[in-house]
Student: 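Here it is: the structure, laid out below.
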Protein chains: 2
Amino acid sequence: MPSKVTIRTVARQAGVSVQTVSNVVNAPHLVRPETREHVQAVIDRLGYRASQAARQMRSGRSRLIGVRIEPARDGINGNILDRFLHELTEAAAQAEFRIVLYTAADDVAEIQAYEDLLAAYSPDGFVLTSTHPDDPRPGWLLDKGVPFVTFGRPWGGPDRHAWVDVDGAAGTAAATEHLVAAGHRRIGFLGWPEGAGVADDRRSGWLSAMRAAGLDPTGLERHVDDGVAAGERMAAEMLAAPDGPTALVCASDSLALGAWNYVLATTGHYASSPAARTARTARTVGTAANARSRSTSGASRASRPAVIGFDDTPVARAVGLTTVAQPLAEVAQACIRLLTAVLDGGGGSSPPEHVLLTPHLVVRDSA
Amino acid sequence: MPSKVTIRTVARQAGVSVQTVSNVVNAPHLVRPETREHVQAVIDRLGYRASQAARQMRSGRSRLIGVRIEPARDGINGNILDRFLHELTEAAAQAEFRIVLYTAADDVAEIQAYEDLLAAYSPDGFVLTSTHPDDPRPGWLLDKGVPFVTFGRPWGGPDRHAWVDVDGAAGTAAATEHLVAAGHRRIGFLGWPEGAGVADDRRSGWLSAMRAAGLDPTGLERHVDDGVAAGERMAAEMLAAPDGPTALVCASDSLALGAWNYVLATTGHYASSPAARTARTARTVGTAANARSRSTSGASRASRPAVIGFDDTPVARAVGLTTVAQPLAEVAQACIRLLTAVLDGGGGSSPPEHVLLTPHLVVRDSA
DNA sequence: TTGTAGGCGTTATCAA
DNA sequence: TTGATAACGCCTACAA
């Protein structure tokens, strides 16, 4: 193993001072082209890379970004944070940053994690996920002057920091419009309890799209804590009602999966893959579905209720669920861009930037 | 914001030398108890934490562990690596290590990532996932003398490094035994193409359990690349055959989900949640299933074929799939333990340690 | 048991 | 345009 290549090694090999080498790396314009090229050649030949530890001691910059990795939770939705993390790692690498992970059971623990991480590794900044009303984290970081960006708007909180978010309302509106275009008139919304920021956001898109289409949303919505079982239960209640909806826009793939399970069980219409369809020979497809459609008139597609989820999770893909997809790569890139802006801006007085991205509908079998 | 608390600040505040403070932190036994307590109190009060950057310059240790974060892939199985990453972050924190992330599209890119990361951040070691035959990574790291542990055996490769793995064969064997106990005699195996290490491992557990139970495995297995659609297709072929299996042990939850989709479509028996069951009133449950069972005699539970997956992914939970669960928290802890052993052992001649953990069966609706 | 000196690799300052 | 020097915070000798 070649003993460590330091800036000294390069300087000696190139016959210049260490400072010149440093300049070639950090401020090339200060070095005469010939010298620069020569030194650069030596750097490449030796494979020299500045030590972050030493660099950090001088410059105070670690080129590290702290990110929390969340537990699997119900695992269906939590999944998008893992995908986000992957995208963020790539976006960070583009900007020569690395992601350091930490875990925390709740907001208080997370603030403790900031302190620990900051004191020992001094990351240059943080990317926060899952912001929510009364979130104590932004305030703490703001107080300490620690640079950060959030993936998620400051729901209700003071808007004093850079954030990136996806327009959930636009997503559910697109879903609703898709259903309207398919001939549905009574389109229900299956969401989460109010007050969660994201919950209200996604509901509002459905609501405005309904009104824009001249449809009456009254009585067509239900709210429940996230989960497949809960989705199935609520969907059963909603769809079985005499004048219930013929289609459902859901706030999550979990809820949608539950609803879709119900639809399939009710209609006996498990149409996911061609293989299944051809293999399914002995069954009399559609009887139950027809019985249902007779009592639910109104949808142009009378065969079965439509369901649309949110997040385009792997489950949705596997099961053929139509769903709203968040542009996670773009979100990640925007996070890095805004964070570097905050880093460079330093104490600058320019107001914090915001980015609101639009999700898109992925149409599959369920709607 | 309080200007940085260094070892000097503490020393002054406590009225001792910096060396004493350092000793209190790194070699408490060298300090007189009274002094130690006094200094410790000051440390706590000031919230002092040694700077990793400075510490690393002296000691050469960064207390950083490099881990690759994989893309979402088909997303259903890739998910377990995300869960592993979470557990690893926690286990590492226990041992005062942090996880630094990197991405890489393939093995060659990953080796490049080692070089970059090593040169700039000098992580103390790496945790490798997804080992496979002809994996060039362990050899490279071994050559460079970089400490590492793999989650995954060195399939076919030289066994010269520490590794942790889960006994896949034990998992499929347990699944098979469970089915045998339930009265199944023709138990099929739906796995991946041979040669992938993990593939052969999981197959072998099924095979040995079949033989141990005195059952003939001939013609009861199929192999296909992972995927839900592939699983559905293969399951259709296998289960529809006149003397086909009455139950399926699958190498993954993806395959199992596909198989289960087929089973449900065929039997019209979508029994996931109680809600669905009660809601499903109009349908005549079981006719198709009975028709099937007549032609497939042999299982004690004639109603429908049983399916068992592998990995206990969120999808499995959501859909009620019986599956084999890997003890990821234990794997993560073992990885950290072995890695620290390698770190401490340094050039020691003690042979690399191995840990093989046993998975367990999670019984749900599908078997 | 405690204190002092030196150096890890880098970059900022300043002089040449 | 380039080079010498100091300093970042810590830890390991070594001295007291």
Side-chain angles (χ1 to χ4, degrees), chain A residues 2-40 42-43 46-64 96 117-124 346, chain B residues 2-40 42-43 46-64 96 117-124 346:
Chain A
S3 60
K4 205 159 194 65
V5 177
T6 80
I7 199 171
R8 279 194 144 76
T9 327
V10 177
R12 263 196 298 269
Q13 281 281 328
V16 297
S17 73
V18 294
Q19 176 56 13
T20 301
V21 178
S22 175
N23 282 340
V24 169
V25 174
N26 303 298
H29 61 279
L30 293 181
V31 184
R32 180 157 45 102
E34 308 162 28
T35 320
R36 190 201 314 154
E37 282 167 31
H38 173 56
V39 173
Q40 188 59 56
V42 176
I43 287 178
L46 266 42
Y48 165 74
R49 313 268 285 157
S51 150
Q52 269 309 321
R55 181 174 270 187
Q56 178 182 346
M57 288 204 60
R58 270 312 288 170
S59 66
R61 297 230 158 289
S62 62
R63 303 212 71 84
L64 249 26
E96 307 244 52
L117 209 49
L118 244 12
Y121 294 84
S122 48
D124 294 338
Chain B
S3 58
K4 205 156 193 66
V5 177
T6 80
I7 200 172
R8 279 193 145 76
T9 328
V10 177
R12 263 196 297 269
Q13 280 283 327
V16 298
S17 74
V18 294
Q19 173 56 14
T20 302
V21 179
S22 175
N23 282 338
V24 169
V25 174
N26 303 299
H29 60 280
L30 294 182
V31 184
R32 181 154 45 102
E34 308 162 28
T35 321
R36 189 200 317 153
E37 282 167 30
H38 173 56
V39 173
Q40 187 60 55
V42 176
I43 287 178
L46 266 42
Y48 165 75
R49 312 268 287 162
S51 149
Q52 270 308 320
R55 178 176 274 189
Q56 177 182 346
M57 289 204 60
R58 271 309 285 163
S59 65
R61 296 229 158 288
S62 63
R63 302 212 72 84
L64 248 28
E96 307 244 50
L117 208 50
L118 244 12
Y121 295 85
S122 47
D124 295 339

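Here is how names work: the chains are called A, B, and so on, in the same order as the sequence lines, proteins then strands, and each is numbered from 1.
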Student: How about Asn26(A) and Arg55(A): do any of their side-chain heavy atoms sit closer than 4.5 Å?
Tutor: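 A side-chain contact under 4.5 Å exists here.
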Student: Kindly give the heavy-atom pair with the smallest separation between Ser122(B) and Gln56(B), and that separation in Å.
Tutor: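 For Ser122(B) versus Gln56(B), the nearest heavy atoms are OG-NE2, 2.5 Å.
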Student: Just to confirm, is there a sub-4.0 Å distance from OP1 or OP2 of dG3(C) to any side-chain nitrogen or oxygen of Ser17(B)?
Tutor: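 Yes.
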Student: Should Leu118(A) and Pro123(A) count as side-chain neighbours, where that means a heavy-atom distance under 4.5 Å?
Tutor: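 Sidechains of Pro123(A) and Leu118(A): in contact.
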Student: Can you tell me how far OG1 of Thr20(A) sits from CZ of Arg36(A), rounded to the nearest 0.5 angstrom?
Tutor: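 Output value for this atom pair is 12.5 Å.
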Student: Output the rounded distance in Å from CD (Gln56(B)) to C1' (dG7(C)).
Tutor: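 One finds 15 Å between C1' of dG7(C) and CD of Gln56(B), rounded.
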Student: Please report the distance, rounded to the nearest Å, between CE in Met57(A) and P in dG7(C).
Tutor: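 The answer, rounded to whole Å, is 15 Å.
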Student: If every non-hydrogen atom of Leu64(A) is compared with every non-hydrogen atom of Tyr121(B), which pair is closest and at what distance?
Tutor: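 The pair with the smallest heavy-atom distance is CD1-CE2, 3.3 Å.
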Student: Report the distance from atom CG of Asn23(A) to atom C1' of dT10(C), rounded to the nearest whole Å.
Tutor: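 Nearest whole value for this atom pair: 12 Å.
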Student: Might you point out which heavy atoms bring Met57(B) and Met57(A) nearest each other, and give the distance in Å?
Tutor: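 Met57(B) and Met57(A) have their closest heavy atoms at SD-SD, 3.2 Å.
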Student: Kindly give the heavy-atom pair with the smallest separation between Val10(B) and Ile43(B), and that separation in Å.
Tutor: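 So the minimum-distance heavy-atom pair works out to CG1-CG1, 3.8 Å.
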Student: Can you give one letter per nucleotide of nucleotides 11-16 of chain C, going 5' to 3': B for a protein heavy atom under 4.0 Å from the base, S for sugar-phosphate only, - for none?
Tutor: BBB---
Student: On the nucleotide dC8(C), are OP1 or OP2 found under 4.0 Å from the side-chain N or O atoms that Ser51(A) carries?
Tutor: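 No, because none of the side-chain N or O atoms of Ser51(A) sits under 4.0 Å from OP1 or OP2 of dC8(C).
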Student: So Val31(A) and Val39(A), do their side chains get closer than 4.5 Å, heavy atoms only?
Tutor: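 Not in contact.
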Student: Roughly how bent is the helix from dT1(C)-dA16(D) to dA16(C)-dT1(D) end to end, in steps of 10 degrees, with each end axis from five pairs?
Tutor: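 The end axes of the helix from dT1(C)-dA16(D) to dA16(C)-dT1(D) are about 40° apart, to the nearest 10°.
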Student: Of all heavy-atom pairs between Arg63(A) and Glu96(A), which one has the smallest distance, and what is that distance?
Tutor: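 Shortest heavy-atom contact: NE-O, 2.9 Å.
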Student: Can you check whether Val25(A) reaches Ser22(A) side chain to side chain, under 4.5 Å on heavy atoms?
Tutor: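 They are not in side-chain contact.
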Student: Contact boundaries of DNA chain D with chain B (under 4.0 Å, heavy atoms), 5' to 3'?
Tutor: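 The footprint of chain B covers dG9(D) to dA13(D).
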Student: At their closest point, which heavy atom of His38(B) faces which heavy atom of Ala14(B), and how far apart are they?
Tutor: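 In this case the closest contact between His38(B) and Ala14(B) is NE2-O, 3.1 Å.
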